[in-house]
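These notes are about the structure you will find just below.
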There are 2 protein chains.
Amino acid sequence: MTEAATNTTTPRYPIGDLARQTGTKVQTIRYYESIGLLPQPARTAGNQRVYGQDQLDRLGFIKHARDFGFPLDAIRELLDMTDRPAASCVEADEIVRRHLGEVRRRIGRLQALEGELGRMLESCSHGTVADCRAINVLSDHEKCCATSHEPVETIPYRAPD
Amino acid sequence: MTEAATNTTTPRYPIGDLARQTGTKVQTIRYYESIGLLPQPARTAGNQRVYGQDQLDRLGFIKHARDFGFPLDAIRELLDMTDRPAASCVEADEIVRRHLGEVRRRIGRLQALEGELGRMLESCSHGTVADCRAINVLSDHEKCCATSHEPVETIPYRAPD
DNA sequence: CTTGAACCTACAGTCGCTGTAGCTCCCATA
DNA sequence: TATGGGAGCTACAGCGACTGTAGGTTCAAG
Ligand SMILES: [Zn+2]
Ligand SMILES: [Zn+2]
Ligand SMILES: [Zn+2]
Ligand SMILES: [Zn+2]
């Protein structure tokens, strides 16, 4: 009974199954473990990782949240909240709101950029490099329609402190 | 005469002046030198870098192009073109077009994300974590409006090969 | 028993910087 | 001319979120 129950209630996946089922790469799973985002799983006699359903769910959450663009530290906070299901979700919503704000800020910056780049291309007569509108605008901010340039973020969602 | 001419025609800036005039950080200038984006400048007897007008212009170009979000390897190509001013600007325009395409792709992905995140927040009744719409959507792609998730780019502008 | 896929650890590389430690240099003022 | 302090120097680690590689071990099918 104990054995049968154990077998049916706790499936044991090797890391490759976890990867396939969640769409994550094997290395990424090990990376998440190394930074403490996933707990250390059980191991076989031969030292290979074996996961249960809860780990699969947890990784699924992480993957889905990453698909939404949440940075890992936000995901860590969200996971902590799922461990306290009776608590208020205000904090969770706040994390989502912050992320949404960041996404909107990024959209704004990129749209400004889109305008600038489009104008560059439109107004170039496509002759020599010396006459190239794009090259000339880049050489000289005076020729530039933007009065200033907001930095385009290269690192994902970290708001500037 | 030689001295006077030299003094007036070739100003010699220390690295800090270059940084101030272009809005770049000193370390960034040294980094650009280390990756070969800026040539090695002259040095004083005490081994300190001294720059001339051409270096200042080159760094200005790099800074401005970075403000437009161009990745460094694209900037490298654009700088190579400014050394051949009589050549056709087709290649330069192509680089700009590629970048514009990338910017538009990013905007698209972020707008999809914006919609998803907005819906999450709107449809949450702000009760417990267990009932939180955001947490539940993240826990289960079935509850998710998106049929699939395009990855949100974390690394700038490099098109997937 | 053999093969080969899957797994293991450890570490380097990506991109574009930024920050730090521990020096040396330069210039203005006293 | 001495001195103080700001500016410069090299070298290296760290960021975020992985990805790739080398060189080995384990496991399950045939
Ligand atoms: Zn052109
Ligand atoms: Zn400009
Ligand atoms: Zn909520
Ligand atoms: Zn989904």
Side-chain angles (χ1 to χ4, degrees), chain A residues 12-38 40-51 59 62-77 99 102 106 151-161, chain B residues 12-38 40-51 59 62-76 99 102 106 149 151-161:
Chain A
R12 310 183 86 229
Y13 309 110
I15 196 169
D17 283 11
L18 221 70
R20 258 183 307 281
Q21 295 211 54
T22 58
T24 321
K25 297 206 173 170
V26 166
Q27 290 107 306
T28 306
I29 298 175
R30 287 197 283 247
Y31 168 70
Y32 288 161
E33 182 187 328
S34 80
I35 60 166
L37 200 59
L38 284 173
Q40 296 192 349
R43 300 278 185 141
T44 65
N47 200 36
Q48 306 204 322
R49 290 168 179 83
V50 236
Y51 297 92
L59 181 56
I62 296 169
K63 177 58 163 57
H64 207 197
R66 283 297 294 141
D67 288 342
F68 278 91
F70 286 95
L72 293 184
D73 55 1
I75 295 175
R76 205 185 293 264
E77 291 181 61
H99 183 43
E102 188 52 43
R106 283 153 58 81
V152 174
E153 303 239 325
T154 59
I155 302 282
Y157 323 102
R158 280 195 55 90
D161 330 330
Chain B
R12 312 183 85 232
Y13 308 110
I15 197 168
D17 283 12
L18 220 68
R20 259 183 305 282
Q21 296 211 55
T22 58
T24 320
K25 298 205 173 171
V26 166
Q27 291 108 304
T28 305
I29 300 176
R30 288 197 281 247
Y31 168 71
Y32 287 161
E33 182 187 327
S34 80
I35 59 165
L37 201 58
L38 284 173
Q40 296 192 349
R43 300 278 186 142
T44 64
N47 200 36
Q48 303 200 260
R49 290 169 179 82
V50 237
Y51 296 92
L59 181 57
I62 295 169
K63 177 59 163 58
H64 206 197
R66 282 298 294 143
D67 288 343
F68 277 91
F70 286 95
L72 293 185
D73 54 2
I75 296 175
R76 206 186 292 265
H99 183 43
E102 189 52 40
R106 283 154 60 82
H149 299 282
V152 173
E153 304 240 325
T154 60
I155 302 283
Y157 330 114
R158 277 199 53 92
D161 332 328

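All chains are named by letter (A, B, ...) in the order of the sequence lines, taking the proteins before the strands, and each is independently numbered beginning at 1.
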*Are any of the side-chain heavy atoms of Ile15(A) and Tyr51(A) separated by less than 4.5 Å?*
yes
*Between Phe70(A) and Phe68(A), how do the two ring planes meet: parallel, tilted or perpendicular, split at 30° and 60°?*
tilted
*Salt-bridge contact Arg20(A)-Asp17(A) (side-chain N to carboxylate O under 4.0 Å)*: yes
_Residue met sooner reading DNA chain D from 5', once Pro14(B) and Leu72(A) are mapped to nucleotides_ = Pro14(B)
*What are the two closest heavy atoms between Leu18(B) and Thr22(B), and how far apart are they?*
O-OG1, 2.8 Å
*State, to 0.1 Å, how close Ala19(B) and Lys25(B) come at their nearest heavy-atom pair, and which atoms those are.*
CB-C, 4.3 Å
*Compare every heavy atom of His99(A) with every heavy atom of Gly69(A), then report the nearest pair and how far apart it is.*
O-CE1, 3.1 Å
_Rounded to whole Å, please give me the gap between CG in Leu37(A) and C1' in dA17(D)._
11 Å
*Protein-nucleotide distance (Glu102(B), atom CD; dC15(C), atom C1'), rounded to Å*: 14 Å
*What are the two closest heavy atoms between Gly16(B) and Val26(B), and how far apart are they?*
CA-CG2, 4.2 Å
*Flag the pair His149(B) / Arg66(A) as yes when at least one side-chain heavy-atom distance between them is below 4.5 Å, and no otherwise.*
no
_Rounded to whole Å, how long is the line connecting atom CZ of Arg66(A) with atom C1' of dG16(D)?_
8 Å
*Within residues 15-34 of chain B: residues closer than 4.0 Å to DNA chain D (heavy atoms)*: Ile15(B), Gly16(B), Arg30(B)
*Could you tell me the separation between the CD atom of Gln48(B) and the C1' atom of dG8(D), rounded to a whole number of Å?*
4 Å
*Secondary-structure stems for DNA chain D, with pairs counted as Watson-Crick or G-U when both distances are under 3.5 Å and runs at least 3 long*: C:1-30 with D:1-30
_Test item: Leu37(B) and Tyr31(B) side chains (from C-beta on) under 4.5 Å apart, heavy atoms_ = no
_Is there a side-chain contact between Arg43(A) and the phosphate of dT9(C), meaning an N or O under 4.0 Å from OP1 or OP2?_
yes
_Tell me the interatomic distance from Asp73(A), atom CG, to dC15(D), atom P, rounded to whole angstroms._
12 Å
_Looking at dC8(C), I'd like to know if its phosphate oxygens (OP1 or OP2) sit under 4.0 Å from a side-chain N or O belonging to Arg49(A)._
yes
*Roughly how many Å is it from CD1 in Ile75(B) to C1' in dG16(C), rounded to a whole number?*
10 Å
*Using whole Å, report how far CG of Asp67(A) lies from C1' of dA17(D).*
14 Å
*Check the distance between dA28(D)'s C1' and Arg12(A)'s CZ and give it to me in whole angstrom.*
16 Å
